[in-house]
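Note sheet for the following structure.
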Protein chains: 2
Amino acid sequence: MTTRTAAQRHAEARISHQARFSDCPTNRLLDRIGEKWVALIFKELAEGGPRRYGELADAIAGASQKMLTQTLRRLERDGLLSRTVTPAVPVRVDYALTPLGQSLVPVLLAVTRWAEQNIEQIDVAREAHDAQHH
Amino acid sequence: MTTRTAAQRHAEARISHQARFSDCPTNRLLDRIGEKWVALIFKELAEGGPRRYGELADAIAGASQKMLTQTLRRLERDGLLSRTVTPAVPVRVDYALTPLGQSLVPVLLAVTRWAEQNIEQIDVAREAHDAQHH
DNA sequence: CTGAATCCAAGCGGATACTG
DNA sequence: CAGTATCCGCTTGGATTCAG
């Protein structure tokens with residue numbers, strides 16, 4: 001039977017659009033840089049150059065060890081940063097932005113600039129909105 | 001007693017950094033525009049001008065009604081878009097970017113441009129990485 | 001020092017049903 | 001038409017413990 005309810009057709013449409021969502025480069029990128037600690041990691045590596053794992057952990061003390069490692073590994077997998085292991089005792093691991101990662105820095109800076117210049121307007125709008133709807 | 005274990009001090013440090021994280025304008029903005037449907041909503045409103053709720057729902061068929069409404073309301077609360085109710089039967093609701101929202105469009109475009117130009121390099125890096133670690 | 005593995009709570013986000 | 005309300009599974013992310 002080709003008979004389907006409106007709900008079924010709508011569900012199917014949603015599925016196919018979900019696929020397109022995951023394929024959309026913009027959404028894929030926003031998923032990455034929107035991750036909780038990515039902005040801070042980029043800030044550290046962009047401003048301070050290569051960093052050891054422990055240095056990053058200190059600089060980004062808000063992140064748990066698990067999240068920091070997970071995030072670093074995902075960024076490495078995407079080719080945005082490099083991970084260099086120096087076999088020694090104890091072991092030494094350095095992270096650095098790749099050229100691809102560096103090319104993303106200006107984009108992040110654009111985001112930062114807009115945020116710093118406009119965050120106050122957002123706060124004002126939020127207070128006004130909250131006041132109106134008591 | 002001022003005596004605290006290293007673990008306690010570390011936990012306290014993490015708490016205070018968590019607060020700073022939530023205050024950071026960049027992270028606050030990324031939290032917003034990183035939400036699942038924000039990029040598509042902005043794309044629709046930036047390219048097509050004001051849109052009725054139903055038109056947005058059709059254009060962004062991947063989003064459930066609940067998520068679409070939630071996201072629109074949060075963006076409205078932040079002053080990034082406006083919601084205009086026309087009392088009629090049936091009721092008509094239009095959404096549009098505010099000037100503040102429009103000022104964010106170029107930033108989103110920068111993200112989109114980088115994504116489209118570099119997503120392939122990310123895919124390549126990912127395949128290479130996955131291949132190496134079988 | 002740099003992680004991996006496990007456990008668990010909180011919340012995001014989808015499905016469904018109902019409403020002015 | 002444009003939502004609201006409820007239920008619920010799954011993912012996210014922190015705490016803790018163990019390891020090379």
Side-chain angles (χ1 to χ4, degrees), chain A residues 5-19 21-22 27 30-32 34-38 40-41 50-77 81 83-95 133, chain B residues 5-19 21-22 27 30-32 34-38 40-41 50-74 76 81 83-95 133:
Chain A
T5 67
Q8 279 176 325
R9 269 184 290 101
H10 190 235
E12 287 168 20
R14 186 134 20 80
I15 301 290
S16 79
H17 279 270
Q18 298 271 25
F21 178 91
S22 304
N27 284 320
L30 281 173
D31 268 6
R32 254 305 149 275
E35 276 173 23
K36 198 166 184 182
W37 304 104
V38 169
L40 284 174
I41 291 173
R51 281 273 185 276
R52 295 189 59 170
Y53 178 85
E55 295 175 322
L56 284 175
D58 288 345
I60 312 174
S64 66
Q65 176 257 340
K66 173 187 167 186
M67 288 316 300
L68 184 57
T69 299
Q70 270 188 10
T71 308
L72 288 169
R73 288 299 167 85
R74 276 193 289 253
L75 292 174
E76 184 205 2
R77 179 169 180 250
L81 55 79
R83 176 172 177 270
T84 310
V85 181
T86 305
V89 181
V91 88
R92 174 196 177 106
V93 180
D94 290 272
Y95 291 92
H133 303 267
Chain B
T5 66
Q8 278 177 323
R9 271 185 288 100
H10 190 234
E12 286 168 20
R14 185 131 23 76
I15 301 290
S16 79
H17 279 271
Q18 298 272 25
F21 178 91
S22 303
N27 283 321
L30 281 173
D31 267 6
R32 254 302 152 276
E35 277 173 22
K36 198 167 184 180
W37 304 104
V38 169
L40 285 173
I41 291 172
R51 282 274 185 276
R52 298 188 56 170
Y53 178 86
E55 295 175 324
L56 284 174
D58 287 345
I60 311 173
S64 67
Q65 188 184 37
K66 173 188 167 186
M67 288 317 300
L68 183 57
T69 297
Q70 269 189 11
T71 307
L72 288 169
R73 290 298 167 85
R74 277 191 289 251
E76 184 204 2
L81 56 79
R83 177 172 176 269
T84 309
V85 181
T86 306
V89 182
V91 96
R92 174 195 177 107
V93 180
D94 290 272
Y95 291 92
H133 303 267

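We name chains A, B, ... by the order of the sequence lines, and we start the count at 1 in each one.
One atom, CG of A:Leu68, and another, P of D:dG14, lie 11 Å apart when rounded to the nearest Å. Between the CZ atom of B:Arg32 and the P atom of C:dC12 there is a distance of 11 Å, given to the nearest Å. Protein atom CD of B:Gln65 is 9 Å distant from nucleotide atom C1' of D:dT4, rounded to whole Å. Rounded to whole Å, the distance from CG on A:Asp94 to C1' on C:dC1 is 12 Å. Atom CZ in B:Arg51 sits about 17 Å away from atom C1' in D:dA2, given to the nearest Å. Atom-to-atom, CE of B:Met67 to P of C:dC12 comes out at 8 Å; the value is rounded to the nearest Å. As rounded to whole Å, 12 Å separates atom C1' of D:dT4 from atom CZ of B:Arg83. For the pair A:Arg92 CZ and C:dC1 P, the interatomic distance rounds to 12 Å; values are reported in whole Å.
Note on B:Arg52: a side-chain N or O is less than 4.0 Å away from OP1 or OP2 of D:dA2. Contact annotation: A:Tyr53 does not reach the phosphate of C:dA4 (side-chain N/O to OP1 or OP2, under 4.0 Å).
Nearest to the side-chain atoms of B:Lys66 among the listed nucleotides D:dT16, D:dG14, D:dC7 stands D:dC7. Listed nucleotides: C:dA4, C:dG14, D:dG3. Nearest to the side chain of B:Arg73: D:dG3. Distance from the side chain of B:Pro90 is smallest for D:dC1 among the nucleotides C:dG3, D:dC1, D:dT4. Side chain of A:Val91, nearest nucleotide from C:dG3, D:dG20, C:dG13: D:dG20.
Here the side chains of A:Arg83 and A:Val93 are in contact, with some heavy-atom distance below 4.5 Å. Side chains of A:Gln70 and A:Met67 form a contact here, defined as non-hydrogen atoms less than 4.5 Å apart.
Where A:Gln70 and B:Glu55 meet DNA chain D, the nucleotide closest to each residue was compared, and B:Glu55 sits on the side nearer the 5' end.
Residues A:Leu68 and A:Leu56 share a closest heavy-atom pair of CD2-C, 4.2 Å.
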Between A:Glu35 and A:Val38, does a side-chain contact (heavy atoms from CB on, under 4.5 Å) hold up when you go through it step by step?
CA-CA 6 Å; A:Glu35 276 173 23; A:Val38 169; 3.6 Å; yes

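The closest side-chain donor-acceptor pair between B:Thr69 and B:Tyr53 falls under 3.5 angstrom.
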